[in-house]
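Small disclaimer: the values here were computed from a predicted structure and weren't measured.
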Amino acid sequence: MLNRQVKYFTLFLLATRTTLNEDYVNDVLGISAVLVNDLKQRRQKDYVFNWEKILASQGDTGVKLQYTHSRLCSLKKNSGIASIPPSSAINFSSLIEEEAINLVRHLLRFEEIILRCHDELEPCILVAYLFQLCNFVSVALRALQVKSQPANVAEARLLLFICAKNVLAEGMRILGLTPLEEM
(Lines give C-alpha, C1' and ligand atoms only; values in the text may rest on other atoms or scores of the structure.)
Protein backbone atom coordinates (compact mmCIF):
# COMPACT_ATOMS: atom_id res chain seq x y z
CA MET A 1 0.00 0.00 0.00
CA LEU A 2 2.82 2.41 0.91
CA ASN A 3 4.61 1.73 -2.38
CA ARG A 4 1.46 2.61 -4.31
CA GLN A 5 1.13 5.91 -2.40
CA VAL A 6 4.77 6.82 -2.94
CA LYS A 7 4.40 5.97 -6.64
CA TYR A 8 1.25 8.14 -6.89
CA PHE A 9 3.02 11.04 -5.16
CA THR A 10 6.04 10.67 -7.46
CA LEU A 11 3.75 10.71 -10.52
CA PHE A 12 2.04 13.81 -9.14
CA LEU A 13 5.40 15.54 -8.71
CA LEU A 14 6.57 14.54 -12.18
CA ALA A 15 3.31 15.75 -13.72
CA THR A 16 3.96 19.29 -12.53
CA ARG A 17 5.64 21.50 -15.07
CA THR A 18 9.10 22.66 -14.19
CA THR A 19 12.12 24.19 -15.81
CA LEU A 20 14.12 23.62 -12.65
CA ASN A 21 16.05 20.54 -11.71
CA GLU A 22 13.29 17.96 -11.22
CA ASP A 23 15.19 16.19 -8.46
CA TYR A 24 15.54 19.46 -6.55
CA VAL A 25 11.83 20.30 -6.94
CA ASN A 26 10.82 16.77 -5.91
CA ASP A 27 13.08 16.94 -2.85
CA VAL A 28 11.70 20.33 -1.77
CA LEU A 29 8.10 19.17 -2.28
CA GLY A 30 8.71 15.97 -0.34
CA ILE A 31 10.38 17.81 2.54
CA SER A 32 7.57 20.38 2.53
CA ALA A 33 4.95 17.64 2.66
CA VAL A 34 6.55 15.91 5.65
CA LEU A 35 7.44 19.09 7.57
CA VAL A 36 4.04 20.72 7.15
CA ASN A 37 2.26 17.53 8.13
CA ASP A 38 4.30 17.45 11.34
CA LEU A 39 4.04 21.18 12.11
CA LYS A 40 0.29 21.46 11.56
CA GLN A 41 -0.27 19.31 14.67
CA ARG A 42 -0.25 20.79 18.17
CA ARG A 43 2.97 19.93 20.00
CA GLN A 44 1.17 18.37 22.95
CA LYS A 45 -1.09 16.23 20.80
CA ASP A 46 -0.15 12.72 19.76
CA TYR A 47 -0.88 11.77 16.19
CA VAL A 48 -0.43 8.79 13.95
CA PHE A 49 2.13 9.23 11.16
CA ASN A 50 0.18 8.48 7.99
CA TRP A 51 1.87 8.41 4.56
CA GLU A 52 -1.50 8.72 2.84
CA LYS A 53 -2.18 12.08 4.50
CA ILE A 54 1.35 13.33 3.97
CA LEU A 55 1.46 12.45 0.28
CA ALA A 56 -2.05 13.68 -0.52
CA SER A 57 -2.15 15.98 -3.53
CA GLN A 58 -5.24 17.78 -2.23
CA GLY A 59 -6.11 19.41 1.06
CA ASP A 60 -3.93 21.28 3.50
CA THR A 61 -0.45 19.99 2.70
CA GLY A 62 3.02 21.34 2.11
CA VAL A 63 2.44 20.88 -1.61
CA LYS A 64 -0.49 23.33 -1.40
CA LEU A 65 1.78 25.99 0.11
CA GLN A 66 4.42 25.43 -2.57
CA TYR A 67 1.85 25.43 -5.37
CA THR A 68 0.30 28.71 -4.21
CA HIS A 69 3.71 30.36 -3.93
CA SER A 70 4.78 29.21 -7.40
CA ARG A 71 1.43 30.31 -8.82
CA LEU A 72 1.92 33.82 -7.40
CA CYS A 73 5.46 33.92 -8.83
CA SER A 74 4.06 32.92 -12.21
CA LEU A 75 1.40 35.66 -12.00
CA LYS A 76 4.10 38.24 -11.41
CA LYS A 77 6.14 37.02 -14.40
CA ASN A 78 3.16 36.70 -16.76
CA SER A 79 1.17 39.75 -15.67
CA GLY A 80 2.17 41.84 -18.66
CA ILE A 81 3.38 44.60 -16.33
CA ALA A 82 7.04 45.30 -17.05
CA SER A 83 7.78 47.05 -13.77
CA ILE A 84 5.64 47.97 -10.83
CA PRO A 85 5.82 51.60 -9.76
CA PRO A 86 6.59 52.36 -6.09
CA SER A 87 3.66 51.62 -3.82
CA SER A 88 3.30 55.35 -3.10
CA ALA A 89 2.47 55.86 -6.80
CA ILE A 90 -0.24 53.17 -6.92
CA ASN A 91 -3.88 54.06 -6.41
CA PHE A 92 -5.20 51.41 -4.04
CA SER A 93 -8.74 52.83 -4.14
CA SER A 94 -9.40 50.43 -7.03
CA LEU A 95 -9.16 47.47 -4.62
CA ILE A 96 -12.81 47.57 -3.62
CA GLU A 97 -13.78 43.95 -4.28
CA GLU A 98 -14.63 41.79 -1.29
CA GLU A 99 -11.90 39.28 -2.25
CA ALA A 100 -9.24 42.02 -2.22
CA ILE A 101 -10.41 43.39 1.13
CA ASN A 102 -10.46 39.92 2.70
CA LEU A 103 -6.95 39.21 1.43
CA VAL A 104 -5.63 42.54 2.75
CA ARG A 105 -7.22 41.93 6.16
CA HIS A 106 -5.67 38.49 6.34
CA LEU A 107 -2.22 39.78 5.34
CA LEU A 108 -2.42 42.38 8.10
CA ARG A 109 -2.72 39.60 10.70
CA PHE A 110 0.74 38.15 9.91
CA GLU A 111 2.62 39.96 12.68
CA GLU A 112 -0.08 39.05 15.21
CA ILE A 113 0.16 35.38 14.18
CA ILE A 114 3.95 35.36 14.52
CA LEU A 115 3.71 36.84 18.02
CA ARG A 116 1.03 34.32 18.98
CA CYS A 117 3.19 31.44 17.71
CA HIS A 118 6.06 32.74 19.80
CA ASP A 119 3.95 33.20 22.93
CA GLU A 120 2.28 29.79 22.70
CA LEU A 121 5.29 27.97 21.18
CA GLU A 122 2.98 26.40 18.60
CA PRO A 123 4.04 26.44 14.93
CA CYS A 124 0.63 25.01 14.01
CA ILE A 125 -0.81 28.52 14.41
CA LEU A 126 1.41 29.79 11.59
CA VAL A 127 0.69 26.72 9.45
CA ALA A 128 -3.08 27.26 9.84
CA TYR A 129 -2.62 30.95 8.94
CA LEU A 130 -0.67 30.04 5.79
CA PHE A 131 -3.36 27.56 4.71
CA GLN A 132 -5.99 30.27 5.18
CA LEU A 133 -3.80 32.65 3.18
CA CYS A 134 -3.65 30.11 0.35
CA ASN A 135 -7.44 29.89 0.38
CA PHE A 136 -7.84 33.69 0.27
CA VAL A 137 -5.28 33.90 -2.54
CA SER A 138 -7.08 31.20 -4.53
CA VAL A 139 -10.41 33.01 -4.26
CA ALA A 140 -8.79 36.35 -5.12
CA LEU A 141 -6.97 34.95 -8.14
CA ARG A 142 -10.27 33.78 -9.60
CA ALA A 143 -12.02 37.10 -8.98
CA LEU A 144 -9.28 39.70 -9.51
CA GLN A 145 -7.82 39.50 -12.98
CA VAL A 146 -4.57 41.37 -13.58
CA LYS A 147 -4.12 40.97 -17.32
CA SER A 148 -6.23 43.11 -19.64
CA GLN A 149 -7.19 45.53 -16.86
CA PRO A 150 -6.62 49.28 -16.80
CA ALA A 151 -3.08 50.07 -15.62
CA ASN A 152 -4.12 51.48 -12.24
CA VAL A 153 -6.27 48.42 -11.43
CA ALA A 154 -3.70 45.91 -12.72
CA GLU A 155 -0.85 47.50 -10.76
CA ALA A 156 -2.84 47.61 -7.50
CA ARG A 157 -3.96 43.99 -7.86
CA LEU A 158 -0.50 42.78 -8.82
CA LEU A 159 1.06 44.52 -5.82
CA LEU A 160 -1.56 42.91 -3.57
CA PHE A 161 -0.63 39.48 -4.94
CA ILE A 162 3.09 40.24 -4.58
CA CYS A 163 2.50 41.14 -0.93
CA ALA A 164 0.63 37.85 -0.47
CA LYS A 165 3.54 35.99 -2.11
CA ASN A 166 6.05 37.72 0.17
CA VAL A 167 4.07 36.93 3.33
CA LEU A 168 3.60 33.32 2.23
CA ALA A 169 7.32 32.97 1.45
CA GLU A 170 8.35 34.50 4.77
CA GLY A 171 5.98 32.23 6.69
CA MET A 172 7.32 29.21 4.82
CA ARG A 173 10.93 30.22 5.59
CA ILE A 174 10.07 30.61 9.28
CA LEU A 175 8.80 27.02 9.21
CA GLY A 176 12.05 25.87 7.57
CA LEU A 177 10.68 25.44 4.05
CA THR A 178 12.28 26.61 0.82
CA PRO A 179 9.64 28.43 -1.29
CA LEU A 180 9.65 27.24 -4.90
CA GLU A 181 9.17 29.75 -7.70
CA GLU A 182 8.28 27.06 -10.25
CA MET A 183 6.84 23.57 -10.05
inquiry  = Please determine whether residues V104 and I96 belong to a single hydrophobic cluster, defined as Ile, Leu, Val, Met, Phe, Trp and Tyr linked transitively by side-chain heavy-atom distances below 4.5 Å.
reply    = no
task = Considering non-hydrogen atoms only, spot the tightest contact between L133 and A164 and give its length.
result = CD2-O, 4.0 Å
key: Close side-chain approach of F110 and L126, heavy atoms under 4.5 Å   = yes
key: Student check: side-chain heavy atoms of C134 and L168 closer than 4.5 Å   = yes
task = State, without any angle test, whether S70 and E181 hold a side-chain donor-acceptor pair at a distance under 3.5 Å.
result = no
task = Starting at CD1 of I125, measure out to CD of E112 and round the result to the nearest 0.5 Å.
result = 10.0 Å
query = With under 30° as parallel and over 60° as perpendicular, where do the rings of H106 and Y129 fit, or are they tilted in between?
reply = parallel
inquiry  = Could you report the tightest heavy-atom contact between L130 and G171, atom names first, then the distance?
reply    = CD1-C, 3.7 Å
task = Following the transitive rule for hydrophobic clusters with a side-chain heavy-atom cut-off under 4.5 Å over Ile, Leu, Val, Met, Phe, Trp and Tyr, establish whether L35 and I174 coincide in one cluster.
result = yes
ask   = Less than 4.5 Å apart, any side-chain heavy atom of S74 and any of E182?
value = no
message = When you compare the side chain of L180 with that of V25, does any pair of heavy atoms fall below 4.5 Å?
response = yes
inquiry  = If you define the side chain from C-beta out and look only at heavy atoms, does anything of E170 sit under 4.5 Å from K165?
reply    = no
task = Supply the atom-to-atom distance D119 CG to I114 CD1, rounded to the nearest 0.5 angstrom.
result = 11.5 Å
note = Distance col, row Q41:CD vs E122:CD, nearest 0.5 angstrom, shows 10.5 Å
task = Provide the closest heavy-atom pair for E99 versus A140 in the form atom of the first, atom of the second, distance.
result = CB-CA, 4.0 Å
query = Heavy-atom distance under 4.5 Å between the side chains of H69 and K64, does that happen here?
reply = no
Over all atoms of both residues, closest heavy-atom pair of V127 and V36 = CG1-CG1, 4.1 Å
request  = Locate the shortest heavy-atom distance separating V146 from R157; write the atom from each residue and the value.
outcome  = CG2-CB, 4.1 Å
query = To the nearest 0.5 Å, how far apart are CG in L103 and CG in L160?
reply = 4.5 Å
Rounded distance [0.5 Å steps], CD1 in I113 versus CG in L108 = 12.0 Å
remark   = Nearest heavy-atom contact between P179 and M172 is CA-CE, 3.8 Å
query = Is there a path of hydrophobic side-chain contacts, each under 4.5 Å between heavy atoms of I, L, V, M, F, W or Y residues, that connects I101 with L141?
reply = no
ask   = Is any side-chain heavy atom of S32 closer than 4.5 Å to a side-chain heavy atom of L65?
value = no
